[in-house]
Amino acid sequence: MEDMWAFRDAVGRWAAGGPGGPAGELAVRLGLRTAVLLEGLSDLAAVEALAARRGRDLAAEGVCVVSMGGAMNVGRYAGLLGPPGLGLHLTGLCDERERPFYERGLKRAGARGSGSFVCAADLEDELIRALGTTAVEEIIRVEGDLRPWQTFLRQPAQDGRPRQQQLRRFLGTKKGRKIRYGGLLVDALAAGRVPAPLEDLLTSL
């Protein structure tokens with residue numbers, strides 16, 4: 001797993017204008033065949049949590065899950081990791097509003113046969129709907145975030161908003177919260193309740 005994090009770090013430096021050699025060497029060492037392009041770290045946490053729950057070691061299977069720091073970076077990452085760069089098969093998970101960025105980025109990189117799986121709003125919204133708001137609030141309580149959640153609900157901007165929207169907004173109000181809850185929400189899912197985009201992504205790998 002340390003080598004996989006080293007690969008991700010090397011890809012991040014490459015995407016920022018650094019050398020590509022280290023990423024290429026690590027890709028060969030790890031035997032990578034597929035890169036999963038994700039918008040952020042919370043999506044990465046959710047995908048890896050579901051893989052672990054299914055007893056899968058994605059790194060051992062030659063699959064690297066990459067957080068790009070935003071959907072607008074997909075063209076850059078697709079070029080580095082896909083046919084023009086390391087030659088990996090590409091897939092991904094994105095929000096509906098970000099679908100055009102993914103489609104253009106993959107097409108520009110010549111990633112034929114590649115595609116992305118699309119969430120209606122975002123992955124957090126999919127997970128909240130799959131679990132139900134009561135179950136998500138219970139996770140918040142167990143995690144010790146009940147008081148911040150209650151304070152959040154007293155904000156005037158939250159008055160009258162649907163509980164699902166409130167929960168989705170709450171997860172994004174503190175740095176690192178979406179990442180932490182990405183794995184927690186996946187772990188709490190009942191069998192057969194995994195959101196379709198996440199289920200289909202993992203099945204495709």
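Along the sequence shown, residues are numbered consecutively beginning with 1. These values consider heavy atoms only, across backbone and side chains, with no hydrogens, waters or symmetry-generated copies.
Within the 4.5 Å cutoff, side-chain heavy atoms of Leu127 are placed close to those of Pro195. Between Met4 and Cys64, the closest side-chain pair of non-hydrogen atoms falls below 4.5 Å. In this structure the side chain of Leu88 never reaches within 4.5 angstrom of the side chain of Thr34, judged on heavy atoms. Looking only at side-chain heavy atoms (C-beta outward), Phe117 and Ser204 come within less than 4.5 Å of each other. The side-chain heavy atoms of Leu123 and Leu185, taken from C-beta on, include no pair separated by under 4.5 Å. The shortest side-chain heavy-atom distance between Leu153 and Asp159 does not fall under the 4.5 Å cut-off. Between Ile139 and Asp145 the shortest side-chain heavy-atom distance does not fall below 4.5 Å.
Side-chain atoms of Gln166 and Arg169 include no donor-acceptor pair closer than 3.5 Å.
With values rounded to the nearest 0.5 angstrom, Cys94 atom SG is found 7.0 Å from Arg99 atom CZ. Atom CD of Glu61 sits about 5.5 Å away from atom CG of Leu58, to the nearest 0.5 Å. Ile128 CD1 to Leu171 CG: the interatomic distance, rounded to the nearest 0.5 Å, is 5.0 Å. Rounding to the nearest 0.5 Å places CZ of Phe152 at 9.5 Å from CD1 of Ile140. The line from OG of Ser116 to CD of Glu103 is 6.5 Å long, rounded to the nearest 0.5 Å.
No donor-acceptor pair under 3.5 Å is formed between the side chain of Glu124 and the backbone N or O of Gly182. At least one donor-acceptor pair closer than 3.5 Å links the side chain of Asp57 to the backbone N or O of Ala60. In terms of modelled atom types and a separation under 3.5 Å, the side chain of Arg141 and the main chain of Leu146 share no donor-acceptor contact. Looking only at distances, a side-chain donor or acceptor of Tyr102 sits under 3.5 Å from a matching main-chain atom of Leu93. No donor-acceptor pair under 3.5 Å is formed between the side chain of Arg13 and the backbone N or O of Gly18. With Thr91 contributing its side chain and Gly115 its backbone, the two residues share a donor-acceptor pair below 3.5 Å. The main-chain N or O of Asp125 is found under 3.5 Å from a side-chain atom of Asp122 such that the two form a donor-acceptor pair.
Clustering ILVMFWY residues whenever any of their side-chain heavy atoms sit less than 4.5 angstrom apart, transitively, puts Met72 in a cluster other than the one holding Val118. Taking hydrophobic clusters as Ile, Leu, Val, Met, Phe, Trp and Tyr residues chained together by side-chain heavy-atom distances below 4.5 Å, Tyr181 does not share a cluster with Val142. A continuous path of ILVMFWY side-chain contacts below 4.5 Å connects Leu184 to Trp149, so both sit in one hydrophobic cluster.
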Please test Gln164 against Leu167 for side chain to side chain contact (heavy atoms under 4.5 Å, CB included), starting from the C-alpha separation and ending with a verdict. CA-CA 5 Å; Gln164 181 169 328; Leu167 285 164; 5.7 Å; no
Evaluation steps, side chain to side chain contact (heavy atoms under 4.5 Å, CB included), between Leu86 and Leu32: CA-CA 9 Å; Leu86 300 185; Leu32 295 182; over 6 Å; no
Verdict with reasoning, Gln165 to Gln158, per side chain to side chain contact (heavy atoms under 4.5 Å, CB included): CA-CA 9 Å; Gln165 292 181 17; Gln158 301 309 315; over 6 Å; no
When you look at Val66 and Val36, which way does the side chain to side chain contact (heavy atoms under 4.5 Å, CB included) test go after all the steps? CA-CA 6 Å; Val66 179; Val36 182; over 6 Å; no
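The two residues Glu96 and Ala120 have their closest heavy-atom pair at CB-O, 3.2 Å. When all heavy atoms are compared, the tightest approach of Ala78 to Pro84 is O-CD, 4.2 Å. Closest of all the heavy-atom pairs between Pro148 and Gly144 is CD-O, 4.4 Å. Scanning all heavy atoms of the two residues, the minimum distance from Arg163 to Thr133 falls at CG-CB, 3.8 Å. The two atoms that bring Val11 and Ala23 nearest to each other are CG2-CB, 4.1 Å, heavy atoms only. When every heavy atom of Ser67 is checked against every heavy atom of Leu44, the shortest pair comes out as N-CD1, 3.9 Å.
When the options Glu39, Arg108, Met68 are evaluated for a side chain to side chain contact (heavy atoms under 4.5 Å, CB included) with Val74, the one that passes is Met68. Each of Arg54, Arg56, Arg8 was evaluated against Glu48; a single residue qualifies, Arg8, per the salt bridge (charged side-chain N to carboxylate O under 4.0 Å, His left out) test.
Taking the ring axis of Phe170 as reference, the NZ or CZ atom of Arg168 does not stay both within 45° of it and closer than 6.0 Å to the ring centre.
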